[in-house]
There are 2 protein chains.
Amino acid sequence: MPYAESFAALADPTRRQVFEMLAAKPMPVGALAECLPVSRPAVSQHLKVLTDAGLVAAQPEGARRIYSVRREGLAELRAWIDRYWDDVLAGFHQDVMNQTGEDH
Amino acid sequence: MPYAESFAALADPTRRQVFEMLAAKPMPVGALAECLPVSRPAVSQHLKVLTDAGLVAAQPEGARRIYSVRREGLAELRAWIDRYWDDVLAGFHQDVMNQTGEDH
DNA sequence: ACTCAGCGTAAGGCATGACTTACGGTAAGC
DNA sequence: GCTTACCGTAAGTCATGCCTTACGCTGAGT
C-alpha cells in the first residue's frame, strides 16, 4: 500500500509545494531551495520522503540531481480515491433505496 | 484550499481506516471504536479532524451521531490530483518535444 | 426525577516529525 | 591536483500529533 506514504508525504505543506514546483518543471535541489523558506538540507530531506513515496524521482546530471514527478505516484492516489468514490456512490444509492421504497 | 486538511487527515492510518469503514457503511462512533484498536475518545478526535477537512459529516439520530462520508471531500482531492496530473503530462510532452526536434 | 447509554472535550504524557548547523563525498573548472 | 559548486547525511532542538484517563452534557427509558 504505497498510497499510505503518499498521503503522509503530501500532508506537509512544504512538501506539497516542492511537489507542485516539480510538477510545473523538473529542477535540481538548489533551485527548489531558493524559492522556499527553508534550508537546502531541509529540501533534501523532503525530497527523500517524496522519493520513498514514489511521487518523485531523481536523475543525476553531472554534479546535480534533477528531480521530477512520477506519474505512477499520482496514479496510486487516484486509484485509492476512485475506489472509495465508488463505495460512497453505492452507499448513497442504497440510502436512496431505503428512503424511497424499501422494496424487494 | 481544503485539500490541505484532507491530505493531513488521510495521512494517519487510523483515520484512513475510519474513513474506509464509513465509506462502506455509515456508523455511530461506538461502532467504529469497537472495530479499532484505540479508545472511543480517540475515534471522536479523529472524526473531528475528518469533519473539519470536509471528508465526513455527522447526522444526529437520537442520542447517537451517525457519521458518513461526504462526496465533496473526495472530489476536492480528485481535483487537486487531476490538476497536477495534467501538469505532469504537459511537462512530459514538452520534454519529448525538446528531445526529438527542438522545433516549436 | 433518576438512571443509563452515547458523545464530545480537557489535560497530560510520549512519540513522531520538521528544521537547523556541521560535516563528508562526488563532479566540474582552472 | 586543488578549489569550488552541488548534494546527501548526522546530530540535536523544538514543535506537532496521537493516545490515554477523567469529566460534563444530552437524549431515551422506567
Side-chain angles (χ1 to χ4, degrees), chain A residues 1-22 25-70 73 77, chain B residues 1-22 25-70 73 77:
Chain A
M1 25 293 216
Y3 60 83
E5 289 174 325
S6 296
F7 275 120
L10 293 175
D12 183 77
T14 302
R15 224 139 46 201
R16 262 200 315 276
Q17 202 167 345
V18 168
F19 182 87
E20 294 175 2
M21 292 176 68
L22 292 181
K25 184 172 176 298
M27 267 183 288
V29 183
L32 289 166
E34 285 178 359
C35 304
L36 291 172
V38 298
S39 68
R40 186 193 49 75
V43 175
S44 271
Q45 294 170 0
H46 284 309
L47 285 170
K48 171 162 178 50
V49 175
L50 288 169
T51 301
D52 289 346
L55 289 171
V56 306
Q59 176 184 354
E61 181 168 315
R64 302 187 306 175
R65 294 170 62 97
I66 310 295
Y67 280 89
S68 57
V69 169
R70 284 184 71 247
L77 284 181
Chain B
M1 24 293 217
Y3 60 84
E5 288 173 327
S6 296
F7 275 119
L10 294 175
D12 183 76
T14 303
R15 224 141 44 202
R16 261 201 314 276
Q17 203 167 345
V18 168
F19 182 86
E20 293 174 4
M21 292 176 67
L22 292 180
K25 182 171 175 303
M27 267 183 288
V29 182
L32 288 167
E34 285 177 0
C35 304
L36 291 172
V38 297
S39 67
R40 186 192 49 74
V43 176
S44 271
Q45 292 169 2
H46 284 309
L47 285 169
K48 170 162 178 51
V49 175
L50 288 168
T51 302
D52 289 346
L55 288 170
V56 306
Q59 175 185 354
E61 179 167 316
R64 302 188 307 177
R65 294 171 63 96
I66 310 295
Y67 280 88
S68 56
V69 169
R70 284 185 71 245
L77 283 182

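By convention in this document, chain letters (A, B, ...) are assigned in the order of the sequence lines, proteins followed by strands, and residues within each chain are numbered from 1. Side chains are part of it too, since the values below use all heavy atoms of this structure and drop only hydrogens, waters and symmetry mates.
- At whole-Å resolution of the value, CD1 in Ile66(A) and P in dG8(D) are 11 Å apart.
- Using a 4.5 Å heavy-atom cutoff, the side chains of Arg65(B) and Pro28(B) are not in contact.
- Contact check, Tyr67(B) against dG6(C): no side-chain N or O comes under 4.0 Å of OP1 or OP2.
- If you measure from atom CG of Leu32(B) to atom C1' of dG8(C), you get 15 Å, rounded to the nearest angstrom.
- Phosphate contact (OP1/OP2 of dC19(C), side-chain N/O of Ser39(A), threshold under 4.0 Å): absent.
- In terms of phosphate contacts, Arg65(A) brings a side-chain nitrogen or oxygen within less than 4.0 Å of OP1 or OP2 of dG8(D).
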Expected rows: protein N/O vs nucleotides 23-30 of chain D N/O, under 3.5 Å:
none

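- In this structure, the side chains of Ser44(A) and Val29(A) come closer than 4.5 Å at one or more pairs of heavy atoms.
- The two residues Ser6(B) and Leu77(B) come nearest to each other via the heavy atoms CB-CD2, 3.8 Å.
- Side-chain contact between Ile66(B) and Met27(B) is absent, with no heavy-atom pair separated by less than 4.5 Å.
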Got a list of side-chain donor-acceptor pairs under 3.5 Å for residues 47-64 of chain B, not counting sequence neighbours?
from: Lys48(B); atom 1: NZ; to: Asp52(B); atom 2: OD2; distance (Å): 3.2
from: Thr51(B); atom 1: OG1; to: Leu47(B); atom 2: O; distance (Å): 2.6

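- The nearest whole Å value for the distance from the CG atom in Asp12(B) to the P atom in dG17(C) is 11 Å.
- Of the residues in residues 41-56 of chain A, those placing a heavy atom less than 4.0 Å from an atom of DNA chain C are Pro41(A), Ala42(A), Gln45(A), His46(A), in numerical order.
- Closest to the Val29(B) side chain, of the nucleotides dG8(C), dG6(C), dA18(C), is dG8(C).
- In this structure, Thr14(A) reaches the dC19(C) phosphate: one of its side-chain N or O atoms is under 4.0 Å from OP1 or OP2.
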Which donor-acceptor pairs under 3.5 Å do the side chains of residues 13-20 of chain B make with protein atoms, sequence neighbours left out?
from: Arg15(B); atom 1: NE; to: Ala9(B); atom 2: O; distance (Å): 2.8
from: Arg15(B); atom 1: NH1; to: His46(B); atom 2: ND1; distance (Å): 3.4
from: Arg15(B); atom 1: NH2; to: Ala8(B); atom 2: O; distance (Å): 3.2
from: Arg16(B); atom 1: NH1; to: Leu10(B); atom 2: O; distance (Å): 2.7
from: Glu20(B); atom 1: OE1; to: Tyr84(A); atom 2: OH; distance (Å): 3.3
from: Glu20(B); atom 1: OE2; to: Tyr84(A); atom 2: OH; distance (Å): 3.3

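- Nearest-nucleotide mapping onto DNA chain C: of Arg64(B) and Arg15(A), the residue sitting toward the 5' end is Arg64(B).
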